[in-house]
**Q** 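Have a look at this one.
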Amino acid sequence: MNIGQAIIEALETLNSNRLRSTLTILGIVIGVGAVIAMLAIGTGAQNSITGSINGIGSNLLFVYKGNSVDSNHVPKSVTTADADALLDQTQAPSVLAVAPMVSGSLEVTAGKEKTTTTIDGVTADYETVRNAALSEGTFITADNLLERASVAIIGTDVANKLFSRTDGLVGESIRINGLPFKVIGVLEKKGGSSFGSQDNVVLVPMTTGQLRLFHGDMNNVDMIVVQAASASSTSQASDEVANILRVRHRTGAGQDDFTIISQQDIADTAQSITGVLTIFLGGIAGISLLVGGIGIMNIMLVSVTERTREIGLRKALGARKKDISTQFLTESALLSMIGGVIGIGLGWLISFAIGKIAAASGTPFTPTIGLSSVLLATLFSTAVGLFFGIYPANRAASLEPVEALRHE
Amino acid sequence: MNEAVIQVNDLKKIYHIGNIEVKALAGVTFNIFKGEVVSIMGPSGSGKSTLMNLLGCLDRPTSGSYILDGEEVASLDDDELATIRNRKVGFVFQSFNLLPRQTALANVELPMRYAGVTTERVARAKASLESVGLGDRVYHKPTELSGGQQQRVAVARALVNNPAILMADEPTGNLDSKAGKEIMELLLNLNRTKGATLIIVTHDPAIAAQTQRVIRLRDGLIEEPAS
């Protein structure tokens with residue numbers, strides 16, 4: 001018997017027991033659907049998180065005070081002078097740009113509306129280093145910094161809370177910690193509530209922040225954002241930055257009083273976390289696929305018992321063991337393949353629905369169904385069908401023709 | 001008579017049920033010649049079914065020799081026996097044993113599928129159905145056919161691979177007397193016109209009377225050795 005005929009016959013048999021076949025297929029549909037949906041959600045989460053990490057800027061290093069390494073030193077603050085030193089092209093040729101910043105959480109008011117949000121004191125370089133784009137107005141300039149100007153750039157969430165709109169806000173005034181600031185720009189909406197959101201933030205000139213809002217001194221900064229020249233030079237830039245800071249802070253090797261984290265480190269960590277999450281979700285969904293496979297085995301065993309007489313007849317007419325086992329394996333493989341195909345559709349629908357729900361609840365994130373997960377699910381479900389079909393098929397094939405023909 | 005299509009020599013089949021040894025066939029020897037019509041008779045428990053299963057290559061003897069169409073089949077393995085059944089034996093069962101969801105044509109095609117016949121399969125199946133007088137019922141399913149017609153389909157299926165012997169196990173047992181008579185006529189006619197070797201297992205003396213020779217079994221042995 002060739003495969004084409006075996007498939008046609010198997011389809012006829014499955015069709016003649018429609019309800020049973022449908023329920024068996026349903027087990028696989030749910031299994032494959034769950035696997036596809038979970039992998040899609042995992043991949044989507046991964047893309048969304050790495051996307052927002054990349055959205056901060058590219059090839060960045062974050063330098064801040066203190067280190068988890070035990071040290072007798074009281075850590076020295078990272079200062080504006082440190083930031084300037086990093087721009088030295090001979091000592092740090094891999095560094096492209098440097099953006100020191102101060103940061104804190106303060107109350108912002110406009111008229112009767114008020115909100116508490118992150119206030120970042122930044123320099124003009126912040127705009128390029130952090131990929132900050134404005135929907136209106138202009139960015140903080142070097143003059144603003146020199147003048148310690150009371151100007152502010154607000155994120156869209158802040159704008160919505162204070163003014164209930166996000167446009168035509170240039171020239172409005174707000175109060176930060178009671179001090180008046182003039183709005184000179186609005187940041188473009190980036191979305192995402194995770195790392196690097198720039199929607200719920202207010203930017204002021206760093207000098208203004210240092211002097212009027214936070215420390216009261218002009219030297220210390222909370223963080224220096226360093227942009228490396230290229231992706232391949234980030235680790236070199238990290239070394240250069242570390243060397244300069246060790247000299248300036250007079251610390252020995254292994255006694256750093258500062259920490260450098262690269263954007264890549266954060267991305268890698270996030271990726272490994274979401275990777276584990278994806279495997280975990282996929283694994284749980286895989287269990288339901290396994291249960292579906294056991295359903296196939298169960299039904300095929302019932303089918304073998306029911307059709308004992310038919311098997312006996314086929315053997316009497318000259319069917320060899322291989323012919324009989326092929327017949328039953330084809331049936332179980334078809335059950336799982338059909339289930340797999342429908343399951344991919346179901347998984348796609350679930351992912352689509354979850355994407356919609358996520359978007360509606362303000363967390364835009366797109367579940368992504370990769371070709372690899374479709375192939376994986378198809379292969380895996382067919383393998384499940386074959387694996388769980390082998391035992392019933394062998395049982396059918398090894399029936400004695402005399403016994404089988406006598407069976408009622 | 002011409003050459004023997006079946007040569008059975010001291011054929012034994014012994015079953016073990018627990019510690020008890022049951023000699024279903026205690027050693028039978030006979031020949032059946034090409035073109036003969038032979039009936040096998042005997043009360044239940046006489047070894048009739050066992051002999052039929054052995055002659056039909058559905059089972060292996062415990063000892064003895066069985067040469068079918070020049071081939072020793074007593075020691076073949078399962079798959080080799082399947083091939084022999086497919087090529088050399090045509091079965092007609094008491095309860096027809098047709099696949100209920102398949103058409104008459106598909107049922108008749110079945111032995112050719114296992115024989116690997118592909119191109120001429122439909123034509124041969126149709127010719128076989130015509131030869132049993134069912135040329136106009138090719139696409140009917142068993143449920144749409146009368147008992148007699150179903151048994152004719154079974155005969156067409158048994159003939160389609162041109163077997164060396166045709167084994168009929170109570171072929172009229174499930175039929176009314178008119179349909180039974182027609183089936184017997186069909187089988188005997190096949191013998192007359194095509195020289196088919198026919199072995200009929202029956203307990204009906206009227207059927208046995210229509211055959212050229214009767215092998216009577218009792219307690220696993222041949223009661224009156226035929227000529």
Side-chain angles (χ1 to χ4, degrees), chain A residues 1-22 299 302-331 334 393-408, chain B residues 13 15 24 49-60 76-103 106-119 121 141-143 154 157-161 163 167 169:
Chain A
M1 285 232 277
N2 66 38
I3 289 295
Q5 267 165 18
I7 290 173
I8 290 166
E9 260 191 53
L11 283 175
E12 279 168 1
T13 314
L14 295 179
N15 190 40
S16 65
N17 245 320
R18 226 166 286 149
L19 180 63
R20 185 195 286 182
S21 305
T22 311
I299 269 325
V302 170
S303 175
V304 168
T305 311
E306 265 184 8
R307 285 151 69 193
T308 300
R309 207 179 159 81
E310 177 196 321
I311 294 163
L313 169 74
R314 286 175 183 273
K315 287 200 152 190
L317 297 182
R320 280 152 300 173
K321 284 186 172 178
K322 208 184 76 189
D323 295 320
I324 301 291
S325 59
T326 306
Q327 185 189 347
F328 280 86
L329 271 183
T330 310
E331 279 176 34
L334 272 180
N394 276 341
R395 206 151 116 167
S398 55
L399 284 173
E400 288 295 331
V402 176
E403 299 294 322
L405 271 174
R406 209 180 290 155
H407 191 268
E408 285 306 322
Chain B
K13 181 71 182 179
Y15 292 106
S49 302
T50 308
L51 182 58
M52 195 209 83
N53 288 340
L54 291 177
L55 293 181
C57 300
L58 289 165
D59 208 353
R60 267 182 296 266
L76 296 180
D77 71 20
D78 288 350
D79 281 353
E80 286 165 335
L81 278 182
T83 308
I84 294 282
R85 285 197 294 272
N86 186 241
R87 304 265 156 80
K88 303 205 167 171
V89 187
F91 285 99
V92 177
F93 300 95
Q94 179 175 357
S95 52
F96 322 140
N97 276 347
L98 300 175
L99 296 181
R101 289 183 291 272
Q102 308 273 349
T103 60
N107 269 290
V108 176
E109 278 182 55
L110 199 56
M112 289 189 284
R113 287 195 180 179
Y114 294 124
V117 178
T118 49
T119 48
R121 200 168 66 209
K141 292 189 175 176
T143 44
R157 180 180 64 188
L159 287 173
V160 79
N161 269 352
M167 300 261 333
D169 180 11

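Any value given below was found using the heavy atoms of this structure, including those in side chains, with hydrogens, waters and symmetry copies removed. Residue numbers start from 1 in every chain, and the chains themselves are labelled A, B, ... in the order their sequence lines are given, proteins ahead of strands.
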**Q** Out of B:Val89, B:Leu99, B:Thr83, B:Thr118, which one racks up the most heavy-atom pairs below 4.5 Å with chain A?
**A** B:Leu99

**Q** Where do B:Ala24 and B:Tyr15 come nearest, in terms of heavy atoms and distance?
**A** CB-CE1, 3.6 Å

**Q** Is B:Arg157 in contact with chain A via its backbone, its side chain, both, or neither, using a 4.5 Å heavy-atom distance?
**A** side chain

**Q** Need one label for B:Glu80: side chain, backbone, both or neither, based on atoms under 4.5 Å from any heavy atom in chain A.
**A** neither

**Q** Considering only heavy atoms, which portion of B:Arg60 lies under 4.5 Å from any heavy atom of chain A: side chain, backbone, both, or neither?
**A** neither

**Q** Is B:Asn97 close to chain A through its backbone or its side chain, or both, or neither, when contacts mean heavy atoms under 4.5 Å?
**A** both

**Q** Side chain from CB out, backbone as N, CA, C, O: work out which of these in B:Asp79 comes under 4.5 Å of a heavy atom of chain A, or both, or neither.
**A** both

**Q** Of all heavy-atom pairs between B:Ala115 and B:Asn86, which one has the smallest distance, and what is that distance?
**A** CB-OD1, 3.0 Å

**Q** Check whether any side-chain heavy atom of A:Leu313 sits under 4.5 Å from a side-chain heavy atom of A:Arg309, and report yes or no.
**A** no

**Q** If I take atom CD from residue B:Glu109 and atom CD from residue A:Gln5, how far apart are they, to the nearest 0.5 angstrom?
**A** 8.0 Å

**Q** Could you tell me which non-hydrogen atom of A:Leu405 sits nearest to which non-hydrogen atom of A:Ala316, and how far apart they are?
**A** CD1-CB, 4.1 Å

